[in-house]
Amino acid sequence: MTLLSATGLNASLGSRHVLHDISLSLSSGHLVALVGPNGAGKTTLLRALAGLIPSSGDIRIGGDALPSLSLRERARRFAYLPQGHVVHWPLPARDIVALGRYPHGATDPARLSSGDVEAVLRAMQAVDVTDFSDRRVTELSGGERSRVALARVLAVEAPVILADEPTASLDPRHQIDVMQRLRGVADTGVLVVVVTHDLGLAARFADHVLVLSEGHLASQGAPVEALSEAVMAEVFRISAYRAEYRDEAVIVPWADV
Ligand SMILES: Nc1ncnc2c1ncn2[C@@H]1O[C@H](COP(=O)(O)OP(=O)(O)OP(=O)(O)O)[C@@H](O)[C@H]1O
């Protein structure tokens with residue numbers, strides 16, 4: 001069932017026309033990978049979909065036109081994980097995760113309702129960061145911090161998660177772990193959109209892949225079709241090793257073309 005759609009979406013940053021006539025329709029319960037070369041417009045598309053930057057065209061979330069929603073309502077419907085999320089305040093990890101309850105009225109992490117406390121705990125358990133609860137985020141490793149940032153996003157318990165490179169600073173085991181956990185979140189009915197440069201993770205975990213190229217939607221569909229040999233050559237300028245392992249698609253970027 002379509003949860004989030006865009007029709008004729010265009011967006012500019014400064015004098016640069018970044019997104020060109022994007023139309024898409026994304027379903028609840030799907031894990032969507034948004035891929036494309038550096039500068040293709042992936043972050044801009046995520047931000048435009050959440051209404052964080054101005055755009056023209058029609059965006060609908062759960063049937064509602066995005067501009068008709070208040071900022072607080074948008075913050076409840078879209079949980080957004082920015083790229084390279086950095087926290088400079090030496091707050092305990094638990095308080096950072098509690099920020100995810102802000103759109104629900106929990107403005108003070110020291111005074112959470114029991115419902116908010118449970119949501120924070122669920123989110124921390126989902127990405128395995130409960131051990132860091134009392135540790136200052138500034139004293140965690142980059143990868144540990146990025147999992148705490150992801151827990152903040154999960155704590156919103158929004159119907160849509162937009163995550164910009166959530167696996168970027170993680171070791172291989174945690175990359176797979178985070179994708180598996182996001183897959184699990186999608187399986188509960190949430191629409192999860194993940195920006196990634198890892199085409200292997202996209203091919204393996206996504207239901208649907210969006211390929212952006214110079215601000216245009218170059219290809220979309222099931223991973224193996226959306227990341228066809230032709231798309232790999234035209235958009236990414238590479239060839240790829242393609243296989244199947246344990247019934248899952250394997251795509252390994254291989255060489256320049
Ligand atoms: N504030 C800005 N003003 C003008 N142009 C911008 C601004 N921010 C980004 N751009 C340009 O918009 C284009 C798209 O940027 P965007 O960050 O959406 O790309 P991306 O696909 O997420 O890239 P990456 O993979 O490198 O993170 C790029 O050409 C970038 O230089």
Side-chain angles (χ1 to χ4, degrees), residues 4-24 26 31-59 61 66 74 78-87 142-143 145-147 149-150 153 160-170 172 174-175 178-179 182 191-206 208-221 223 226-228 230-240 251-254 256-257:
L4 175 63
S5 65
T7 311
L9 179 67
N10 283 270
S12 297
L13 296 172
S15 58
R16 185 185 289 263
H17 188 179
V18 177
L19 297 179
H20 301 264
D21 204 23
I22 306 272
S23 293
L24 48 81
L26 306 176
L31 177 59
V32 177
L34 173 55
V35 303
N38 287 136
K42 302 178 295 296
T43 296
T44 308
L45 178 55
L46 277 200
R47 292 174 61 77
L49 288 173
L52 296 169
I53 57 165
S55 62
S56 64
D58 186 47
I59 299 174
I61 164 78
L66 190 64
R74 288 183 208 180
F78 293 97
Y80 175 59
L81 178 73
Q83 190 175 8
H85 186 84
V86 182
V87 180
R145 227 177 335 209
S146 61
R147 276 157 54 217
L150 186 56
V153 163
V160 182
I161 292 177
L162 304 172
D164 203 343
E165 299 195 32
T167 59
S169 52
L170 303 183
H174 281 108
Q175 286 181 22
V178 160
M179 289 304 284
L182 288 174
L191 166 62
V192 181
V193 184
V194 174
V195 171
T196 180
H197 285 295
D198 190 321
L199 303 179
L201 290 178
R204 180 173 169 199
F205 289 105
H208 192 80
V209 174
L210 303 168
V211 182
L212 262 190
S213 174
E214 298 176 352
H216 297 266
L217 203 48
S219 161
Q220 66 170 313
L227 295 169
S228 65
V231 168
M232 298 293 261
E234 283 160 25
V235 175
F236 294 96
R237 306 254 168 245
I238 55 168
S239 62
I251 294 183
V252 183
W254 203 253
D256 288 349
V257 289

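Whatever order the structure lists ligands and atoms in, that order sets their numbers, starting from 1. All values below were derived from every heavy atom in this structure, side-chain atoms included, with hydrogens, water molecules and symmetry-related copies excluded.
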Is ligand 1 under 4.0 Å from a heavy atom in the side chain of Lys42, in the backbone, in both, or in neither? both
About how many Å separate NE2 of His174 and OG of Ser169, when rounded to the nearest 0.5 Å? 11.0 Å
Close side-chain approach of Ser55 to Leu19, heavy-atom, < 4.5 Å: no
How long is the span from the CZ atom in Phe205 to the OG1 atom in Thr167, to the nearest 0.5 Å? 10.0 Å
Numbering the atoms of ligand 1 from 1, which are under 4.0 Å from a heavy atom of His197? 25 (O)
Side chains of Val209 and Val35: does their closest heavy-atom pair fall under 4.5 Å? yes
How far is atom 26 (O) of ligand 1 from its nearest protein heavy atom, and which residue and atom name does that atom have? Asn38 ND2, 2.9 Å
Taking only heavy atoms of Thr44, which atoms of ligand 1 are found under 4.0 Å from at least one of them? 14 (C), 15 (O), 16 (P), 18 (O)
With no hydrogens and no angle check, is any side-chain donor or acceptor of Lys42 less than 3.5 Å from a backbone partner on Pro37? yes
I'd like to know if the side chain of Asn10 reaches the main chain of Gly8, judged simply by a donor and an acceptor atom lying under 3.5 Å from each other, with no hydrogens or angles considered. yes
Rounded to the nearest 0.5 Å, what separates atom CG in Leu170 from atom CD in Glu165? 11.0 Å
Would Gly41 count as a polar contact of ligand 1, with the cut-off being nitrogen or oxygen pairs under 3.5 Å? yes
Is the shortest distance from atom 30 (C) of ligand 1 to a protein heavy atom below 4.0 Å? no
Non-hydrogen atoms of Gly36 and His197 that approach each other most closely: O-CE1, 3.5 Å
Which ligand 1 atoms are under 4.0 Å away from a heavy-atom of Gln83? 27 (O)
Identity and distance of the protein heavy atom lying nearest atom 1 (N) of ligand 1: Leu13 CB, 4.4 Å
re atom 14 (C) of ligand 1, the protein heavy-atom contact at minimum distance is Gly39 O, 3.4 Å
Which protein non-hydrogen atom lies closest to atom 17 (O) of ligand 1, naming both residue and atom, and how far is it? Thr43 CB, 3.7 Å
Leu201 and Gln175, any side-chain heavy atoms less than 4.5 Å apart: yes
Protein contact of atom 11 (C) of ligand 1 - nearest heavy atom, named by residue and atom, plus distance: Arg16 CD, 3.6 Å
Polar atom proximity, Ala40 to ligand 1 (N or O, under 3.5 Å): yes
Atom indices of ligand 1, in the order listed, that fall short of 4.0 Å to a heavy atom of Val18: 12 (O), 13 (C), 14 (C)
Contact check: Gly14 vs ligand 1, nitrogen or oxygen atoms, below 3.5 angstrom: no
